[in-house]
Amino acid sequence: MALRPISKNFRRFFLPILSSSVSHFHSHATSFGFKEVHEDEKSRLVGNVFSNVASKYDLMNDLMSAGLHRLWKDRLVAELNPFPGMKHLDMAGGTGDVAFRILEAVNKIKHRALVDASEDHFLAETQIHVCDINPNMLEVGRKRALERGLVEHPSLIWVEGDAEFLKFEDNSMDGYTIAFGIRNVTHIEKVLAEAYRVLKRGGRFLCLELSHMETPVLKQLYDYYSFSIIPTIGEFVAADRESYQYLVESIRRFPSQELFASMIADAGFQKVQYENLVGGVVAIHSGLKI
C-alpha cells in the first residue's frame with residue numbers, strides 16, 4: 001500500500017478556512033457521533049461509552065474487524081520501529097494492545113543483539129507509558145498484563161491522563177502512538193500539539209484510526225455493515241447498541257485522510273504521510289518532530 005505525502009497546496013488553501021471554522025465551532029459545540037453537544041459534555045459522554053464497552057472491548061474488536069485489528073496494530077508497531085531504551089507514549093492505549101506489541105518488538109531486538117556494555121541505548125531501561133483517560137480501560141490492560149505475566153514489568157507504566165493535557169515533560173518521548181482514540185477527543189488540534197510538545201527532536205508520531213473508504217461501491221457496502229451490522233453485534237454481544245452506534249458515527253465525523261494529514265503538519269510535524277489499509281477502512285498517519 002503506497003504512502004501518501006501531504007499536499008502543500010491543500011494545506012495552503014484549505015487550512016485557513018478550516019482554522020476559522022474550527023475556532024467558531026469550538027466556542028459553541030462539538031460532535032458526539034452525529035449529535036452536537038457542548039464541549040464540556042463530550043468528555044463525559046465518551047467516558048461513559050468506553051466504561052460501558054471496556055469489558056467486551058477485545059471481543060467486539062475481533063468481531064467487528066474479523067480479527068484484522070490485530071494485523072493493523074502489528075503494522076503500526078512495525079512502522080514505529082521500536083528500539084531498546086526508548087521512551088514511548090501510547091495514548092488511548094488502556095487495553096495494552098499496542099504497548100504489549102512494542103515491548104515484544106524491543107525484547108526481540110535485545111535477544112538478537114550481542115549487547116556491548118558500552119552501548120547505552122541497549123542498557124537503558126525501555127519505558128512504555130500506557131496512557132488512557134478512562135480507568136476502566138486501564139484496568140482491562142492491567143488484567144491482560146497479569147495474564148501475560150507482565151503486571152510488574154518495569155517497562156510498562158500505566159497512567160491515567162488526558163491526551164489534551166499531558167503531564168509529561170517537553171521533549172521527553174522518542175515515540176508517540178495513538179490507535180483508535182483520536183477521533184473520540186474533543187479537540188484534535190490540542191492532542192496533536194501535546195504530542196508534538198512531549199516528543200524529542202527526531203521523535204515520531206503515529207496514529208492508527210478508522211477512516212474513509214475511497215471506492216464508492218465498497219463505501220456503500222461498508223456503510224451498510226457499519227450502521228446495520230455493528231450496532232446489532234453490540235446489542236447482542238455487549239448488550240449496548242447505543243455505544244456502538246456512537247462509535248460508527250464518530251468514524252464518519254472524523255476528518256478525511258488528507259485533512260487529518262494537514263492538521264498533523266499544522267501542529268508542526270514534518271514529513272507527514274499516511275497509508276490506507278483495506279481501501280481506507282483504516283489509515284496510519286505519521287509525522288516527525290525535526
Side-chain angles (χ1 to χ4, degrees), residues 3 6 69-110 112-113 119-133 138 141 145 150 153-159 161-182 185 188 190-209 260-261 263-265 267-275 277 282-290:
L3 294 174
I6 178 177
H69 75 99
R70 300 173 185 270
L71 299 178
W72 299 334
K73 291 168 184 170
D74 288 344
R75 178 67 175 170
L76 177 73
V77 173
E79 286 293 310
L80 176 66
N81 195 23
F83 58 88
M86 77 181 301
K87 307 296 185 288
H88 184 79
L89 174 57
D90 180 39
M91 192 64 227
T95 62
D97 249 12
V98 173
F100 297 146
R101 285 169 166 80
I102 294 172
L103 183 61
E104 182 180 4
V106 167
N107 287 336
K108 284 181 179 178
I109 295 171
K110 284 183 176 179
R112 286 199 308 263
E119 296 186 47
D120 293 337
H121 68 287
F122 278 111
L123 295 175
E125 184 60 58
T126 303
Q127 293 181 9
I128 304 168
H129 298 265
V130 187
C131 188
D132 203 296
I133 197 171
L138 286 167
L150 298 174
H153 199 290
S155 291
L156 292 174
I157 305 165
W158 306 86
V159 182
D162 188 338
E164 297 186 20
F165 304 98
L166 295 174
K167 297 179 181 179
F168 302 100
E169 295 181 358
D170 296 0
N171 306 305
S172 59
M173 298 290 169
D174 296 294
Y176 178 113
T177 49
I178 181 166
F180 306 124
I182 202 165
V185 305
I188 294 174
K190 286 186 179 180
V191 174
L192 295 174
E194 280 291 85
Y196 187 86
R197 179 183 66 79
V198 302
L199 279 169
K200 300 175 184 178
R201 297 290 173 183
R204 194 172 187 197
F205 168 86
L206 283 159
C207 176
L208 171 66
E209 189 54 87
F260 184 48
M263 296 172 74
I264 296 169
F269 289 99
Q270 298 184 40
K271 298 186 178 179
V272 176
Q273 56 189 16
Y274 66 88
E275 178 184 14
L277 304 175
V282 297
I284 296 177
H285 283 74
S286 65
L288 287 174
K289 179 177 178 178
I290 297 176

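Note that the numbering runs from 1 along the sequence shown for the chain.
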[X] to [Y] - nearest heavy-atom pair and separation:
| X | Y | answer |
| --- | --- | --- |
| Arg75 | Leu277 | CG-CD1, 4.4 Å |
| Trp158 | Gly96 | CH2-CA, 4.1 Å |
| Ser172 | Lys87 | O-CB, 3.6 Å |
| Tyr176 | Leu199 | N-CD2, 3.8 Å |

**Item:** NZ/NE/NH1/NH2 to OD/OE distance under 4.0 Å, Asp174 and Lys200
**Value:** yes

**Prompt:** Salt bridge between Lys190 and Glu194, side-chain N to carboxylate O under 4.0 Å?
**Reply:**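 The answer is no: the pair does not qualify as a salt bridge.
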
Report yes or no: does [X] contribute a side-chain atom to a donor-acceptor pair with the main-chain N or O of [Y] at less than 3.5 Å?
| X | Y | result |
| --- | --- | --- |
| Gln273 | Ser286 | no |
| Thr126 | Ser155 | no |
| Arg70 | Asp97 | no |
| Arg201 | Ile290 | yes |
| His285 | Cys207 | no |
| His129 | Cys131 | no |

